[in-house]
Amino acid sequence: MPVHNPDIAQSLESIADLLELEGANPFRIRAYRNAARVVQGLGTEISVLLQRGKDLSELPGIGKDLAGKISDLARTGHLPLLDRLRKSTPAIAVELLKLPGLGPKRVQAICHDLDVHNLEQLHRAILDGRLRELRGFGPAAESRLLQALQTRRGVPQRLKLALAESYVTPLIAYLKAAPGVDTAITAGSYRRCQETVGDIDILVTAKSGPPAVKHFTRYEEVGKVTAAGDTRATVVLRSGLQVDLRVVPPRDYGSALQYFTGSKAHSIAIRRLGQKRGLKINEYGVFRGKKRIGGTTEAEVYRAVGLPYIEPELRENRGEIEAAAAGKLPKLVKLEDLRGDLHVHSVATDGHDTIRQLATVGRARGYEYLAITDHSRRLTVAHGLDPKRLLKEIEEIDRINAGKPGIALLKGIEVDILPDGKLDLPDDVLGHLDLVVASVHGQFNLSREKQTERILRAMERPHFTILSHPTGRLIGEREPYDVDMPRIIRAARDRGCFLELNAHPDRLDLTDIHCRMAKEAGVLISIASDTHRAPELANLRFGVGQARRGWIEKNDVLNARGLAELAPLLRRTMR
DNA sequence: GCCGTTTTCGGCCCGACTGTTTTCAGTCG
């Protein structure tokens with residue numbers, strides 16, 4: 001049973017959690033968390049690196065010890081250290097660590113002094129008044145824990161980026177309108193375009209902190225104020241979303257934004273670089289001794305440590321700092337680089353709008369082309385097209401194109417990949433099209449081997465152009481099906497076909513890491529909206545954010561090409 | 001546990017806020 005990078009990263013994270021509970025050296029704990037992040041972000045499986053004889057200790061933050069542990073994990077899936085830690089620490093402790101306000105010290109006290117082995121026992125201990133007798137616990141801790149236990153058992157839901165956006169946009173407008181406020185901007189994982197966010201970080205610049213904090217805590221959607229000081233505050237909106245606010249003077253905008261954007265690992269790495277140059281970097285600026293030498297813009301912060309500006313989506317300490325130092329930062333793709341959309345549904349199947357309506361909206365967005373890709377017959381719930389109806393749709397598109405609609409409509413299909421790897425429509429029918437987008441829409445639970453074979457076989461069909469939503473995941477709702485993505489990516493390279501980054505905010509499939517793997521393999525990506533209603537064409541922005549996290553440049557994107565360049569690329573797949 | 005034009009030992013990012021204290025530990029980001 002092969003051990004994959006996410007499994008290895010998970011084991012390293014577990015070790016960090018358990019070491020934390022043991023009260024181990026915090027820097028040792030950080031080393032394990034770092035290693036987990038590095039492994040997670042690798043474009044290549046550890047097992048493959050080992051086969052190639054790669055020395056893992058060359059990876060950043062991985063020394064001799066961790067290299068040995070990681071290779072043990074990759075080979076066996078087990079590690080004596082992890083087994084020992086699991087044996088000596090009750091499982092409940094790990095769960096308690098996730099509750100708000102509980103760190104390792106308090107968890108130890110609860111487990112040890114109160115003899116608590118499950119959440120039920122903790123609940124009883126609170127009700128009996130035994131918790132508040134512990135040193136370090138008072139009425140506030142008691143009620144906070146009680147609430148966490150009663151509501152969602154302490155596991156906070158992460159919010160999809162699109163939903164977060166709907167809360168953030170009006171809040172930012174509200175803050176900007178406040179008296180004395182200079183500007184307001186969202187930082188944190190939201191600014192880095194992570195596919196989901198745990199909370200929202202907002203930076204406000206204002207001459208004085210307290211009035212801005214006050215204004216913030218009085219926002220009408222605030223359900224609860226968790227903390228409020230002179231320069232920062234934390235609230236929970238009625239929706240349950242936590243929002244952190246920080247206020248700094250306008251002069252400190254750059255250093256504050258750089259710091260609050262994170263990621264934590266990136267910030268630490270930047271501050272260490274500063275340290276080596278005899279600088280101190282905090283949210284208030286860059287300092288040499290007592291002298292402030294910069295921090296009004298983010299670029300100043302990076303310049304102080306000898307680096308060019310690094311885009312927020314790259315700030316994960318996954319090699320961007322080394323790339324910046326070497327002058328090899330990618331020039332990330334932008335929304336305005338996209339020349340069209342290659343995955344759109346019309347009213348003929350489960351879409352809401354006619355082809356003419358879609359063309360009008362596409363043209364208004366400045367697109368050069370739009371591919372109509374309705375479903376195939378297998379997807380009966382979507383009223384999928386059989387050959388006869390598809391040929392009718394082709395005729396309709398030809399008719400509209402003949403009328404010079406100001407945008408080129410491409411004739412496509414989203415064809416089902418059947419469980420045996422055949423496509424849902426015969427080759428001679430698919431041959432009439434400009435492109436064939438192919439998807440898995442059922443039989444998600446095949447074994448990794450069978451699912452991979454199924455897709456590889458489909459890719460071998462003569463007219464296969466783009467593999468749509470390659471892992472089938474729905475964020476927070478459905479796990480990706482088990483599929484060997486490195487193999488799929490290699491096959492796409494060999495076959496000369498393309499992978500889709502489905503930009504629907506529920507999917508965002510490819511992930512950032514898969515994007516990076518595809519880029520390294522030289523496989524072009526189609527950033528596509530999978531639109532079912534015309535306004536969803538705007539969802540491309542989420543796909544672009546994800547692509548940027550995956551280091552994707554304009555040249556790596558199929559639909560960043562104009563029609564003249566795109567057409568031969570599509571024809572190449574129609575063999 | 002990692003790392004090194006100060007170092008193979010002794011550092012390791014840095015600050016704000018809360019709650020429980022009676023001057024600060026713990027937690028969080």
Side-chain angles (χ1 to χ4, degrees), chain A residues 12 15-16 19-20 22-36 38 56-70 81 96-110 131-145 156 187-192 197-203 209-210 213 217 225-235 242-248 252 255-256 258-287 295 301 305 317:
Chain A
L12 294 169
I15 292 174
L19 284 174
E20 201 170 355
E22 275 198 347
N25 177 348
F27 299 104
R28 185 177 171 214
I29 296 164
R30 185 194 289 169
Y32 278 98
R33 294 209 196 280
N34 266 334
V38 167
L56 297 180
S57 70
E58 285 170 14
L59 295 170
I62 311 283
K64 217 172 140 193
D65 182 276
L66 273 169
K69 289 198 170 91
I70 291 169
L81 171 65
L96 291 178
L97 200 55
K98 294 176 192 146
L99 295 178
L102 288 191
K105 296 277 158 53
R106 288 189 175 137
V107 168
Q108 274 300 342
I110 289 173
L131 182 83
R132 63 163 70 191
E133 287 168 14
L134 285 184
R135 188 180 169 78
F137 289 88
E142 194 180 81
S143 73
R144 191 177 48 219
L145 276 180
S189 50
Y190 183 91
R191 182 164 180 245
R192 302 200 309 279
V197 297
D199 60 11
I200 298 292
D201 297 290
I202 293 179
L203 174 68
V213 169
T217 57
V225 179
T226 314
D230 286 349
T231 63
R232 45 190 296 181
T234 299
V235 303
Q242 179 176 312
V243 185
D244 294 334
L245 176 86
R246 344 262 173 144
V247 188
V248 298
D252 301 341
S255 46
Q258 197 281 327
Y259 178 49
F260 297 136
T261 297
S263 67
K264 193 171 172 173
H266 177 88
S267 288
I268 289 176
I270 293 296
R271 287 183 175 197
R272 292 193 65 164
L273 281 181
Q275 232 181 10
K276 283 183 194 162
R277 295 175 162 239
L279 304 173
K280 186 174 78 166
I281 300 173
N282 60 26
E283 48 267 61
Y284 304 110
V286 181
F287 299 88
V301 177
V305 295
N317 200 9

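Order of the sequence lines sets the chain letters (A, B, ...), proteins ahead of strands, with each chain counted from 1.
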Inset, instruction - For nucleotides B:dT27 and B:dT21, find the distance between their P atoms and express it as a whole number of Å. - result: 14 Å
Inset, instruction - Check salt bridge (Lys or Arg N to Asp or Glu O under 4.0 Å) between A:E22 and all other residues, then give those that pass, not counting sequence neighbours. - result: A:R84
Inset, instruction - Tell me what A:Q108 touches on the nucleic acid: a base, only sugar-phosphate, or nothing, going by heavy atoms under 4.0 Å. - result: nothing
Legend entry - B:dT18 to B:dT22 separation - C1' atoms, rounded to the nearest Å: 16 Å
Legend entry - Partners meeting salt bridge (Lys or Arg N to Asp or Glu O under 4.0 Å) with A:D201 (sequence neighbours left out): A:R246
Inset, instruction - Verify, without hydrogens or angle tests, whether A:R106 (side chain) and A:G101 (backbone) share a donor-acceptor contact under 3.5 angstrom. - result: yes
Legend entry - Under 3.5 Å: donor-acceptor pair, side chain of A:T226, backbone of A:V235: no
Inset, instruction - Compare every heavy atom of A:G295 with every heavy atom of A:V301, then report the nearest pair and how far apart it is. - result: CG2-CA, 4.2 Å
N/O donor-acceptor pairs under 3.5 Å from side chains in residues 62-69 of chain A, not counting sequence neighbours:
unit_1	atom_1	unit_2	atom_2	d
A:D65	OD1	A:K69	NZ	2.6
A:D65	OD2	A:K69	NZ	3.2
A:K69	NZ	A:Y32	OH	3.3

Inset, instruction - Describe the nucleic acid contact of A:P26 in one word from base, sugar-phosphate, nothing, applying a heavy-atom distance below 4.0 Å. - result: nothing
Inset, instruction - Name the nucleic acid region contacted by A:L102, choosing base, sugar-phosphate or nothing; use a 4.0 angstrom heavy-atom cut-off, strictly under. - result: sugar-phosphate
Inset, instruction - Answer with base, sugar-phosphate or nothing: what part of the nucleic acid does A:R30 contact at a heavy-atom distance below 4.0 Å? - result: base
Show me, pair by pair, the donor-acceptor contacts under 3.5 angstrom made by side chains of residues 261-281 of chain A, not counting sequence neighbours?
unit_1	atom_1	unit_2	atom_2	d
A:T261	OG1	A:R191	NH1	2.8
A:T261	OG1	A:L257	O	2.6
A:S263	OG	A:H266	N	3.3
A:S263	OG	A:R315	O	3.1
A:H266	ND1	A:E320	OE2	2.8
A:H266	NE2	A:Y302	OH	2.9
A:S267	OG	A:S263	O	3.3
A:R271	NE	A:I281	O	3.1

Legend entry - P-based separation of B:dT23 from B:dG29 [nearest Å]: 29 Å
Legend entry - Pairwise P distance for B:dC3 and B:dC13, with rounding to whole Å: 13 Å
Legend entry - Residue closer to the 5' end of DNA chain B, A:G136 versus A:D199 (nearest nucleotide): A:G136
Inset, instruction - Using the C1' atoms only, state how far B:dG11 lies from B:dT7, rounded to an integer number of Å. - result: 9 Å
Inset, instruction - Looking at every strand, decide which applies to A:I281 at a 4.0 Å heavy-atom threshold: base, sugar-phosphate, or nothing. - result: sugar-phosphate
Inset, instruction - Kindly write out the residues that satisfy side chain to side chain contact (heavy atoms under 4.5 Å, CB included) with A:R33, not counting sequence neighbours, or none if the list is empty. - result: A:E13, A:A16, A:D17, A:E20, A:I29
Inset, instruction - Describe the nucleic acid contact of A:A141 in one word from base, sugar-phosphate, nothing, applying a heavy-atom distance below 4.0 Å. - result: sugar-phosphate
Inset, instruction - Determine the Euclidean distance between corresponding P atoms of B:dT5 and B:dG1; express it in Å to zero decimal places. - result: 23 Å
Inset, instruction - Could you list where the contact with chain A starts and ends along DNA chain B, reading 5' to 3', using a 4.0 Å heavy-atom cut-off? - result: B:dG1 to B:dG29
Inset, instruction - Could you tell me whether A:K264 contacts a base, only the sugar-phosphate backbone, or nothing, with contacts defined as non-hydrogen atoms closer than 4.0 Å? - result: base
Inset, instruction - For A:N25, answer base if it contacts any base atom (sugar-phosphate contacts may also be present), sugar-phosphate if it contacts only those atoms, and nothing otherwise; contact means non-hydrogen atoms under 4.0 Å. - result: base
Inset, instruction - Under 4.0 Å between any heavy atoms, over every strand shown, what does A:F137 touch: base, sugar-phosphate, or nothing? Just pick one. - result: sugar-phosphate
Inset, instruction - Tell me what A:A35 touches on the nucleic acid: a base, only sugar-phosphate, or nothing, going by heavy atoms under 4.0 Å. - result: nothing
Inset, instruction - Return the nucleotide paired to B:dT8: Watson-Crick means purine N1 to pyrimidine N3 with N6-O4 or O6-N4, wobble means G-U with N1-O2 and O6-N3, both under 3.5 Å. - result: none
Legend entry - Nearest atoms (heavy-atom pairs only) where A:S255 meets A:Y284: OG-C, 3.4 Å
Inset, instruction - Identify, with sequence neighbours excluded, every residue that meets side chain to side chain contact (heavy atoms under 4.5 Å, CB included) alongside A:P210. - result: A:S208, A:D230
Inset, instruction - Identify, with sequence neighbours excluded, every residue that meets side chain to side chain contact (heavy atoms under 4.5 Å, CB included) alongside A:A140. - result: none
Legend entry - Residue-level proximity of residues 59-69 of chain A to DNA chain B when a heavy atom falls under 4.0 Å: A:G61, A:I62, A:G63, A:K64, A:D65, A:L66, A:K69
Legend entry - Separation between the P atoms of B:dT20 and B:dC12, rounded to whole Å: 31 Å
Inset, instruction - Between B:dG10 and B:dG15, how far apart are the C1' atoms? Round to whole Å, please. - result: 24 Å
Inset, instruction - Answer with base, sugar-phosphate or nothing: what part of the nucleic acid does A:R232 contact at a heavy-atom distance below 4.0 Å? - result: base
Inset, instruction - Select base, sugar-phosphate, or nothing to describe what A:T234 touches, counting heavy atoms under 4.0 Å on all strands. - result: nothing
Inset, instruction - Assign each of A:R271 and A:S57 to its nearest nucleotide of DNA chain B by heavy atoms, then name whichever residue's nucleotide is nearer the 5' end. - result: A:S57
